[in-house]
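What follows is a short report on a single structure.
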Amino acid sequence: MAKDEIKTPFKLVGTRVPRPDGLDKVTGRARYGADFSAPGMLFGAVVRSPHAHARIRKIDASKALALAGVKAVVTRADFPTGLEGEKWNLQDNAMAGDVAFYDGHAVAAVAATSALLAKDAAKLIEVDYEILPHVTDVDEAMKPDAPVIRAGAADYSVPEGMPPNVVRYLDFGHGDLEAGFAAADLVRERTYKTEATHQGYIEPHACVGQLGADGKGEMWVTTQGQWYVRWMCAAVLGLDAAQLRVTPSEIGGGFGGKTTVFMEPLSLALSRKAGGKPVKIVMDRSEVLRATGPTASASMDVKLGMTKDGTITAARAEFRMQGGAYTGLSPVGEALQCAFAPYKLPAVSHIGYEVLANRPKAAAYRAPGSPMGAFAAESLIDEMCRELGLDPIEVRLKNAVTEGDKSSYGPTFKSIGLKEVLAATQAHPNYAVPLGPNQGRGVATGFWFNYNGDTSVSMAIAEDGTAQVAVGTPDIGGSRASLGLMVAETLGIPYEHVRVNVVETGALGVNEPSHGSRATFASGKAAVLATQEAIGEMCRRAAAEWGIDPEAVEWVDGAAQPSGPNAGKFPPMPIAEIAGNMSATGGPICGHWQGLPEGVGASFGTHVVDVEVDPETGKTTVLRYLVVQDAGRAIHPSYVEGQYQGGAAQGIGWALNEEYVYGTDGRLQNPIFLDYRIPVASDLPMIDTVIVEVPNPGHPFGVRGVGETGIAPPLPAIANAIAAATGARLRHLPMTPPKVLAAIRAGADG
Amino acid sequence: MSKIHVSATVNGDPVEFLADPRETLLDCLRDHLDLTGSKEGCGTGDCGACSVLLDGRLVCSCLVLGVEAEGKRVETIEGMAEPGGELHPLQRKFIEHAALQCGFCTPGILVASKALLARNPDPTEEEVRYWLAGNLCRCTGYDKIVRAVMDAAADLRGAA
Amino acid sequence: MRYHCAKSFSEAAEIAAGAPGITRFLAGGTDVLVQLRSGLVTPDDLIDLKQIPGVHDISRTPEGGWRIGVAVSGAELGEHAGVKADWPGVVEGMGLVGSTQVQGRATLAGNLCNGSPAADSVPGLVAAEARVTVIGPNGAREVPVEEIPTGPGKTSLGPGELIAAITLPARGAAGGDAYQRFIPRTEMDIAVVGCAVNLTLTGETIAAARVALGAVAPTVILVPEAAAAIVGTALDDAALEALAAAARAAASPISDKRGTAEFRTHVAGVLARRVAQAAYARAKGDTK
Amino acid sequence: MVEVNLWSGLRRFTGDLAAVTVEAGTTGEMLDALVAAFPGLGPAIAAGVSVAVDGEIVNGRHIPITRGAEIYLLQRLKGG
């Protein structure tokens, strides 16, 4: 769709209507993963490895099975063999085979008639381990003599002679790097580290799975993607996908972490073994932290060349990331692609290593990789701006990409709004607030590609002219409202006349999850296209009634009306009238769209943070926070702001306090919210937002997708603010008080 | 392990249930009384998703044994709206301000906020933030939650 | 697990003394339930103390101090104007234990018996010279609060012994106490370092002081050297520096996930200074 | 004919060529033509690649490619 075809005057799009699921969610009625029960239901519990790396010699479940009320125990022996690639990864992560690869790795599961009994039974399952040497740190895992986690796991990309835990090697870039650095007035090279963090959704994983001997199954589950659960469970258990019906519950946060399976296949395996009784498994928090997918930890070298006026002449990045004991989940490629994406670079080189370590299999986390890349690149840019006495926003404006520029990762950018974002940031009053002693201001920019993905949406007109929409993307943060607005706007009917339903796998073609900031973009575009199909049908019904050519009917304000030579010949036929007569005029009126919606628009954001650092304790207080980001078009501005604020809060947590802490024994030391320290209400100020709208020509309303970009800038922005406040440059997250204090005491440049 | 008979009042209604002594009040509300509005996010008193009032006092129901509820008054999210369905001003303001995204922490935050406004009808932003420090929200960054609570407080003061 | 609802302390002590396995007392339950849920400790016998007459009471002692029942929650303590006026440091220490929700349940005695060196309410009690009433199979005894914890998770209480109440001495004139802790967030964390100071003045001069530190040793410690550094001074800069140095010298912390030994030692000094100033201001009559 | 820009790590499979010209009308034909011309690229393409056509990262083998389109192969991207 060309740019000038984007609609601009809207009645509903851009308004702050109440979300349709709001009433259920403020009254406690909404049903989340653990809120579902079925008759005859059993309860499952999982036995987990207490060791970071151990051979499983023997599993003896006889004592557990002897308990009255215990109905089934499953181990890896109950799963099919011979899986490869990601299917094997999923299976082995769901249930260890010969080797437990991390603290928390599932080794057996049990189903019993009560949750307490299942827990008791799990304690009676005896596992004989042979402890193996382990490694959890990415740099340690990269060493040639590190314990080998899985020999032969490296793919085609790894050249001969690399250390044994390197399983993927990346190398991309363009331009003459040496010439670029030679043209610079200032060249700096630094090393940065980030620790693994967890998505930290408040709702633990939960499901009820039922699987009969006939291979037919049902699952009720909290997930970002019911079809992903379906194919993954089918793959892990060797089932026919279409025989498994997966219904998504309301979802209590995901942020990428609920785009895969963990204990879901176990509930099905237990159910099958227990004669097809449904089995509920609800993780506790420590299971969530130990055994679901955090993001990668990273070790990163960045080198930049800059002229005295702030022009970046060359950039080089070499990133090492571990994503657990399985291949493919370390977002090192994305981190590299995002690191320099905001800038025009005549020469750039990216090198990446994906490394195995004895940690849980990483999962996606909000703009996977982008926060780490931004931390390294945006910290160094800031450091060089300070050294050269340049304004950080001016320097970013000078180097910012715009439509038609070659991206750091190769392709040419289409319409993007980075310059508009930077200009709005510069103009915001927060950027001019005077600062006091021990206070500092930090600026940083972030990027996310955004994504489309497999999408299938159906809609139908009800008998009274209201509309129902079936979508496959679970509503995590208000997407029913934005989809409802777009459909109502397209139909020209009140928002309240549309019901958006998130449906089970049996009701639509395959949909990818609500990930990649795609729900409002992809399901939204598909819903509009499906609605247009239904409108076309309604115009045909009206044309038939009037006896005129359907081409001579247009849809205006919720009614068919004659156009062109027939204009004014007949009164408009409203949707309610067409719908009321549908049975007599040809039957149901529906619309459907399926495919891969093209026209994804990338989103840039810039954050400005003011902090105060206690010089005696190194404690950082966030005083003021501003998010400026290009939304393309804000369909429901409140939920766009919510995405900006939520992303910022997660990034603040990552920057200051959140980290996976492993002991020398390879065990996770902080598997509870007491010690995995996500921001609490009193840690944060109000988070100011500016929604920049540079419409995406690839979406009927100009939507880009807004969910992910906002988590990247906080990491460097806060590091930059701490440097401004204290003179100390922190290059290892999180920037905890002991680290900040040590850096302050070590002198101006830690 | 024998179960213990417990009689209590939940949202004004008399209830009875049989509790294993190891079961928490949260387990009993959810599994024995079908009141699944209170959520378990951590089981360690660190997230507040299971917040209820016990004899008028705000507590984490995951840190109370079900058997301790004997003879006590329990108020949960399910009892927050009027019996006829009219929403409490906090509930209205949460929808109006888009103070929820996933909604999982929302019941606990509403119950905790109601307890705050009962004792402090005109809280400052800082008081709201510290009172709710034990209610984790991972979606919103708390901004809209704090605004909704303060707006509901103003609404209630106006109505009083 | 057997659940007992004791109707008297002697009944509670009797049940405990006769119990063969693991016994836990339930006052607030905020530690016991966490341990139970995580499978860390599943008691064979759990003895609920909350139905014992008087356990929810806060009463004046004949000496002018306060006797605080074993089941008085942090929230109830924080709402008690009398204790708050006399011992604001004790009250603010207890007030820092957990969230608003946890405050609705957690108790001074529970915080003490959990045996954590980082327990927020304990330094204030130690600085205040609080005593506890211990009831056991052999009757009751009064013990200085600092003698209860003996190491992480350990107490000096014998089999069948439990705490019935905590007694704060009379405040007296021109006295003030304060407690602060260092945590990485603003709330919801375990203290990385905690410090309580209790002092009395003669005019501008500190006549007597007690300084207690938390999370820098296997138990909360009383630091007489730190007190000595400020007694006889008007808390001038030199006294504050001597106080900080004494606090640092007394600290022998470990490095763990919550902080390094070096950081804890440094912050012990910082907090000692800040807390002494707060206590001094209170002793001089500054409210808050 | 379309010119396909490869990432640096693939050059060892193409005799150090950074861009390869193939005959293709769709993304699928383009990938097949690459493997036909340089069999060493097979494992890389089998492992999954993302393709950017005229600045947009596309999914699937069905995407039409017009003469003169800008084509980049990228290491596979994952959603968040």
Side-chain angles (χ1 to χ4, degrees), chain A residues 16 18-19 21-32 34-35 37 114-116 199-204 250-255 282 284-286 476-478 481 625 636 638-639 641-650 652 672-674 678-687 689, chain B residues 1 20 22-23 27 30-31 34-47 49 76-78 80-81 85 87-88 90-92 94-107 110 125-126 128-147:
Chain A
R16 297 174 189 255
R19 62 190 285 169
D21 50 338
L23 182 60
D24 282 353
K25 286 181 176 168
V26 300
T27 53
R29 268 206 304 270
R31 290 207 294 177
Y32 293 82
D35 299 342
S37 298
S114 81
L116 284 172
Q199 299 82 354
Y201 33 82
I202 310 299
E203 182 201 28
E250 293 302 321
I251 173 171
F255 316 111
V282 181
D284 66 26
R285 179 54 53 182
S286 74
I476 316 186
Y625 205 98
H636 192 306
S638 295
Y639 291 104
E641 292 161 3
Q643 289 295 321
Y644 290 3
Q645 291 164 337
Q650 290 182 346
I652 291 168
I672 58 172
F673 272 144
L674 179 66
I678 77 172
V680 303
S682 49
D683 291 340
L684 298 176
M686 291 298 185
I687 297 171
T689 56
Chain B
M1 226 161 294
D20 182 295
R22 290 187 290 167
E23 286 178 314
D27 296 332
R30 292 177 53 83
D31 299 339
D34 284 335
L35 293 169
T36 55
S38 306
K39 307 298 181 193
E40 177 161 321
C42 68
T44 51
D46 295 307
C47 82
T76 72
I77 184 65
E78 286 91 347
M80 195 157 171
L87 294 181
H88 187 279
L90 277 161
Q91 293 171 307
R92 272 196 289 110
F94 267 58
I95 297 176
E96 193 179 310
H97 285 266
L100 55 145
Q101 282 178 33
C102 81
F104 190 79
C105 69
T106 307
L110 285 167
E125 180 192 332
E126 192 183 14
V128 174
R129 287 184 181 278
Y130 275 87
W131 182 271
L132 293 178
N135 289 90
L136 299 180
C137 168
R138 189 60 158 173
C139 293
T140 65
Y142 305 103
D143 182 300
K144 293 182 190 301
I145 291 173
V146 174
R147 289 179 201 278

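Protein chains get the first letters and strands the later ones, always in sequence-line order, with residue 1 at the start of each. Values reported hereafter were calculated over all heavy atoms of this structure, with side chains retained and with hydrogens, waters and symmetry mates removed. Remember, it's a predicted structure, so these values are computed and weren't measured experimentally.
- In this structure, chain B has heavy atoms under 4.5 Å from both the backbone and the side chain of A:L674.
- With chain A as the partner, the residue from B:A98, B:G134, B:G37 showing the most heavy-atom pairs under 4.5 Å is B:A98.
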Apply the test salt bridge (charged side-chain N to carboxylate O under 4.0 Å, His left out) to residues B:E40 and B:R30: give CA-CA distance (whole Å), side-chain angles for both, the deciding distance (0.1 Å), then the verdict. CA-CA 10 Å; B:E40 177 161 321; B:R30 292 177 53 83; over 6 Å; no

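- Side-chain contact between B:L87 and B:I95 is present, with heavy atoms from C-beta onward closer than 4.5 Å.
- For the set A:I672, A:D24, A:I251, A:D284, the entry with the most heavy-atom pairs within less than 4.5 Å of chain B is A:I251.
- Taken from CG in B:D31 to OG in A:S114, the straight-line distance is 9.5 Å, to the nearest 0.5 Å.
- Among the candidates A:A115, A:P204, A:G478, A:G253, the residue making the largest number of heavy-atom pairs closer than 4.5 Å to chain B is A:P204.
- Heavy-atom distances place the backbone of A:Q199, and not its side chain, under 4.5 Å from chain B.
- Here OH of B:Y142 is found 13.0 Å from CD of A:Q645. Values are rounded to the nearest 0.5 Å.
- Once rounded to the nearest 0.5 Å, the distance linking CZ of A:R16 with NE2 of B:H97 reads 11.0 Å.
- Side-chain atoms of A:D21 and B:L100, non-hydrogen and from C-beta on, never get closer than 4.5 Å to each other.
- At a 4.5 Å heavy-atom cutoff, A:E250 makes no contact with chain B through either its backbone or its side chain.
- The shortest side-chain heavy-atom distance between A:Q643 and B:C139 does not fall under the 4.5 Å cut-off.
- The most heavy-atom pairs under 4.5 Å with chain A, out of B:I145, B:T106, B:D46, B:T76, come from B:D46.
- Heavy atoms of B:L136 lying under 4.5 Å from chain A belong to its backbone as well as its side chain.
- Contact annotation for B:E96: neither backbone nor side-chain heavy atoms come within less than 4.5 Å of a heavy atom of chain A.
- The closest side-chain heavy-atom distance from B:H88 to B:F94 is not below 4.5 Å.
- Using a 4.5 Å cut-off between heavy atoms, B:E125 contacts chain A through its side chain alone, with no backbone atom that close.
- Under the 4.0 Å criterion applied to side-chain N and carboxylate O atoms, B:K39 and A:D35 are assigned as salt-bridge partners.
- Side-chain contact between A:L684 and B:R129 is present, with at least one heavy-atom pair separated by less than 4.5 Å.
- Contact of A:A34 with chain B is made through backbone and side chain together, with heavy-atom distances under 4.5 Å.
- Heavy atoms of A:I652 lying under 4.5 Å from chain B are absent altogether.
- There is no contact between B:L35 and chain A, counting heavy-atom distances below 4.5 Å.
- Looking at B:F104, both its backbone and its side chain come within 4.5 Å of chain A, counting heavy atoms on both sides.
- Ranked by heavy-atom pairs shorter than 4.5 Å toward chain B, the options A:A649, A:G200, A:G22, A:P18 are led by A:G200.
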